[in-house]
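Structure, as structure tokens:
Hydrogens, waters and symmetry mates are skipped; everything else that's a heavy atom, side chains included, is used. Since the model is a prediction, treat every value here as computed from it, not as a measurement. Chain A is the first sequence line, chain B the second, and so forth, proteins listed ahead of strands; every chain is numbered from 1.
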Amino acid sequence: MTRSVRTRFAPSPTGQLHLGGLRTALFTWLWARHNQGTFILRIEDTDSKRFDPASVESITSALKWLELDWDEGPEVGGGHGPYVQSERGAIYRSHAEYLIGAGHAYRCFCSPARLVDLRRRQQNAGQPSGYDGHCRRLAKRQAQAMADRGQEHTIRLVVPDSGTIQVDDLIRGRISVDAATLHDPVLLKSDGMAVYHLAVVVDDHLMGITDVLRGQEWLPTAPYHRLLYQAFEWDVPIFVHLPVILNPNGEGKMSKRRPPLVDGVAMPVHVDEFRDAGYLPEAMFNFLALLGWTADASEEVFPRDELVRRFDVSSISAAPATMPYDKLAWMNGLYLRKMEREAVLAMLQPYLTKAFGRTPSQLSAMSGLTIVVGELVDRIRTLSEAPDWLEWLFADPAELDYPDPDMLLARKQDRATSVALLKSAADTVATMPVFNAVSLETAIRDAAGRADTKPGLYFGCMRAALSGTKASLPLFPIAEALGQDNVVTRLRHAAQVLEACHATGA
RNA sequence: GGCGCAUUCGUCUAAUGGUUCAGGAUACCGCCCUCUCAAGGCGGUGAUACGGGUUCGAAUCCCGUAUGCGCUACCA
């Protein structure tokens, strides 16, 4: 009989969800699904000062983007709600009171000013900073009386003065911390709302969470949570602290404040940015699952159900990983090439609309797009790279810009020869009864044969003439996409440009 | 500063004391294909941070050093 696993993703809505958060969500979801367990979404908004209402939407839309469906939580409900911590204040307060009664917590009346001063003095003295336990010495009755009089206070956890506190982490083993290095943390703020430490333990227990997956930044405070479970006499869940994702620029974990730069270009950090940059959810899912975990020693591409089947938290790496943007791009290209052409076309639409100002219906009427999309996907790694390869398709046939007319030169040929090749190509095309990629190639090869010229000489300068770039999609699909008339126009235009350039001796 | 965690090719990683002159992927380089650029195929360069132990045997276990990361709030 298998254990019934319940996991949760518990982000705090303080801004856009970033890649590390999405990876945590993915691992948490994967573990629940692997065990046929339950995946819960909980919003940890106990800090009203940092609350950003837009970020709840950012979180849920990111999860939906990767199709990480939650069984309980906002939008779907469930039997362990509410799933928003700001709606659970009364629960935290009663649990904090229970802790006071049991002698595991106490009221602290120290002013913020005293705390700041204390910290300053400790730092100046080179001492570790932390609460000095001042209010621990207050008699319980006296503290109660002060509270009854309405004096502002917090509730702090009693941390033993000595001894070792041990926490078991599934991927790191047992972690031991000397209690003397710990200080009494605030559990309940003076505004009556819980601090993370209390809220997370109470909620995880009440929601029946069996496996806690969270970021490595929680490892140092895990002993507090262990103490809390002990104080409540609750079973301790399995802890899995996930390694952080590092910024490739070597400045710690990924953040928007210090954007990761690759070749001087700022890379995406927030989930929305990855989506906007044209990464596919399928690729993102596969990639993220393999960042810090391995499904197989020699394979990297897996469908999502296979990842679910293989996923195992105990084989997650404990070491932080630098975000390999190049590998993500490679994998995205791979998924792009596996997609149906129609689907790619549909996903391309917003990027083309933005770049070329065509409406979606105008775009879908462009048969040329359908003709070249297969060649296009071989050359892009993200959807946002597509417009750069398609300028020629949207340019006026008679007005394509040739920033460097030399590109129109046939390989190792002079200008006069190249101009002649372009003109001859135009004449050939103009007289073709049936025009498409295949017939064009035949026609040009025939023309080359008659002129005793290598066909490649035609191909090179024609491609430059039609596309306006040195590196472009292949000639024949481009030509078919453009249509016979446009091809003739553009070839003649190119010949003119090259000739004019020659005439001026430039 | 204190506490904790980590450390295998540039990067993501495999190896769970012996099937390893350390495997895969990406990136890079070369070749093939080829109208350019790609894609695809084939091949190549490239790593166990350092120093001590333990052991017949260490990338793997222990200790120290170094480095990196995280935490050190009435943030999460």
Side-chain angles (χ1 to χ4, degrees), chain A residues 10-14 44-47 49-50 108 110-112 115-116 119 122-123 125-131 152-156 167 169 172 175-178 180-183 185-191 193-197 199-200 214-223 241 243-244 246 248 250 252-253 287 290-294 296-301 315 317-331 333-334 337 374-381 389 407 410-411 441 444 454-464 467 469-476:
Chain A
S12 63
T14 52
E44 307 218 326
D45 58 345
T46 52
D47 185 356
K49 286 190 278 298
R50 295 207 308 158
C108 172
C110 292
S111 65
L115 265 19
V116 169
R119 191 157 41 239
Q122 287 167 330
Q123 276 166 0
Q127 299 292 318
S129 60
Y131 186 60
E152 273 214 345
H153 64 281
T154 61
I155 294 179
R156 286 184 186 269
V167 181
D169 178 275
R172 289 156 226 275
I175 290 149
S176 299
V177 181
D178 184 352
T181 64
L182 264 25
H183 303 277
V186 170
L187 258 22
L188 207 71
K189 299 182 239 184
S190 56
D191 67 0
M193 183 42 80
V195 162
Y196 176 83
H197 305 306
V200 74
R214 67 202 331 185
Q216 198 191 33
E217 61 268 28
W218 295 111
L219 201 52
T221 50
H241 290 94
V244 294
L246 266 23
K253 62 179 171 182
F287 169 81
L290 266 36
L291 186 54
W293 175 71
T294 324
D296 185 278
S298 60
E299 290 292 319
E300 310 232 332
V301 182
S315 57
S317 164
T322 303
M323 170 63 189
Y325 280 99
D326 55 352
K327 200 160 182 174
L328 201 215
W330 160 75
M331 187 170 279
L334 214 60
R337 269 165 250 128
E375 297 292 349
L376 176 69
V377 292
D378 279 350
R379 288 161 180 81
I380 59 175
R381 307 206 295 176
W389 289 91
M407 76 170 69
R411 192 174 146 79
E441 177 164 4
I444 296 296
K454 284 193 185 125
L457 295 183
Y458 280 96
F459 299 156
C461 60
M462 284 177 73
R463 203 172 41 70
S467 73
T469 53
K470 275 197 278 242
S472 78
L473 303 187
L475 169 62
F476 303 112

Show each protein N/O and nucleotides 9-19 of chain B N/O combination with a separation under 3.5 Å, one pair to a line.
{"residue": "B/G10", "atom": "N2", "partner": "A/Asp326", "partner atom": "OD2", "Å": "3.4"}
{"residue": "B/C12", "atom": "OP1", "partner": "A/Thr322", "partner atom": "N", "Å": "2.6"}
{"residue": "B/C12", "atom": "OP1", "partner": "A/Thr322", "partner atom": "OG1", "Å": "3.3"}
{"residue": "B/C12", "atom": "O2", "partner": "A/Lys327", "partner atom": "NZ", "Å": "2.8"}
{"residue": "B/U13", "atom": "OP1", "partner": "A/Gly292", "partner atom": "N", "Å": "3.0"}
{"residue": "B/U13", "atom": "O3'", "partner": "A/Thr294", "partner atom": "OG1", "Å": "2.9"}
{"residue": "B/U13", "atom": "O2'", "partner": "A/Thr294", "partner atom": "OG1", "Å": "3.3"}
{"residue": "B/A14", "atom": "OP1", "partner": "A/Thr294", "partner atom": "OG1", "Å": "3.3"}

Exam field: side chain [X] to backbone [Y], donor-acceptor pair closer than 3.5 Å:
X        : Y        : result
A/Thr181 : A/Asp178 : yes
A/Arg381 : A/Leu328 : no
A/Ser12  : A/Thr14  : no
A/Thr294 : A/Asp296 : no

[N] and [M]: how far apart are their [atom1] atoms, nearest whole angstrom?
N     : M     : atom1 : answer
B/C71 : B/C28 : P     : 33 Å
B/A59 : B/U16 : C1'   : 12 Å
B/C29 : B/G10 : C1'   : 14 Å
B/G2  : B/A49 : P     : 25 Å
B/U67 : B/C62 : P     : 22 Å
B/U36 : B/A14 : P     : 41 Å
B/C69 : B/C33 : C1'   : 46 Å
B/A39 : B/U45 : P     : 22 Å

Drop me the distance from [X]'s [atom1] to [Y]'s [atom2], to the nearest 0.5 angstrom.
X        : Y        : atom1 : atom2 : value
A/Glu441 : A/Leu475 : CD    : CG    : 8.5 Å
A/Leu188 : A/Met193 : CG    : CE    : 8.5 Å
A/Tyr196 : A/Thr46  : OH    : OG1   : 9.5 Å

Has [X] got a side-chain N or O lying under 4.0 Å from the OP1 or OP2 atom of [N]?
X        : N     : value
A/Thr46  : B/A76 : yes
A/Lys253 : B/C71 : yes
A/Lys470 : B/C35 : no
A/Thr181 : B/G4  : no
A/Arg50  : B/A73 : no
A/Arg337 : B/G40 : yes

Toward the 5' end of RNA chain B, which comes first, A/Gly126 or A/Glu441, by nearest nucleotide? A/Gly126
Between A/Leu334 and A/Ser176, name the one whose nearest nucleotide on RNA chain B is closer to the 5' end. A/Ser176
For [N], the Watson-Crick or wobble partner whose two distances fall under 3.5 Å:
N     : answer
B/C28 : B/G44
B/G68 : B/C5
B/C61 : B/G53
B/C74 : none
B/A39 : none
B/C21 : none
B/A15 : none

Which of these nucleotides, [options], is closest to any side-chain atom of [X]?
X        : options             : result
A/Pro128 : B/G1, B/G70, B/A27  : B/G1
A/Ala471 : B/A76, B/C37, B/C5  : B/C37
A/Trp330 : B/U36, B/C74, B/A25 : B/A25
A/His197 : B/A27, B/A76, B/U36 : B/A76

Hey, does [X] reach any base, or is it just sugar-phosphate, or nothing, if we go heavy atoms under 4.0 Å?
X        : answer
A/Cys110 : base
A/Phe476 : base
A/Leu188 : nothing
A/Leu219 : sugar-phosphate
A/Gly250 : sugar-phosphate
A/Arg214 : nothing
A/Arg119 : sugar-phosphate

Going by salt bridge (charged side-chain N to carboxylate O under 4.0 Å, His left out), name the residues that satisfy it together with A/Lys189, two or more places apart in sequence or in a different chain. none
Starting at atom [atom1] of [X], determine the distance to atom [atom2] of [N], rounded to an integer number of angstrom.
X        : N     : atom1 : atom2 : answer
A/Trp218 : B/C75 : CH2   : C1'   : 8 Å
A/Leu115 : B/U72 : CG    : C1'   : 14 Å
A/Asp169 : B/A6  : CG    : C1'   : 12 Å
A/Asp47  : B/A73 : CG    : P     : 15 Å
A/Asp378 : B/C37 : CG    : C1'   : 11 Å
A/Phe459 : B/C33 : CZ    : P     : 17 Å

Does atom CD (A/Gln122) have a neighbourhood of more than 12 heavy atoms from anything else shown, all under 6.0 Å? yes
If you count every heavy atom of other residues, nucleotides or ligands that lies below 6.0 Å from A/Arg337 atom CZ, does the total exceed 12? yes
Would you say the side chain of A/Arg172 and the base of B/C5 hold a donor-acceptor pair, judged only by whether the two atoms sit under 3.5 Å apart? no
Mark yes or no for a side-chain to base donor-acceptor pair under 3.5 Å between A/Ser190 and B/C74, with no hydrogen or angle criteria applied. yes
Evaluate the side chain to side chain donor-acceptor pair (under 3.5 Å) criterion for residues A/Arg172 and A/His241: first the C-alpha distance (whole Å), next the side-chain angles of each, then the deciding distance (0.1 Å), finally the verdict. CA-CA 8 Å; A/Arg172 289 156 226 275; A/His241 290 94; 5.3 Å; no
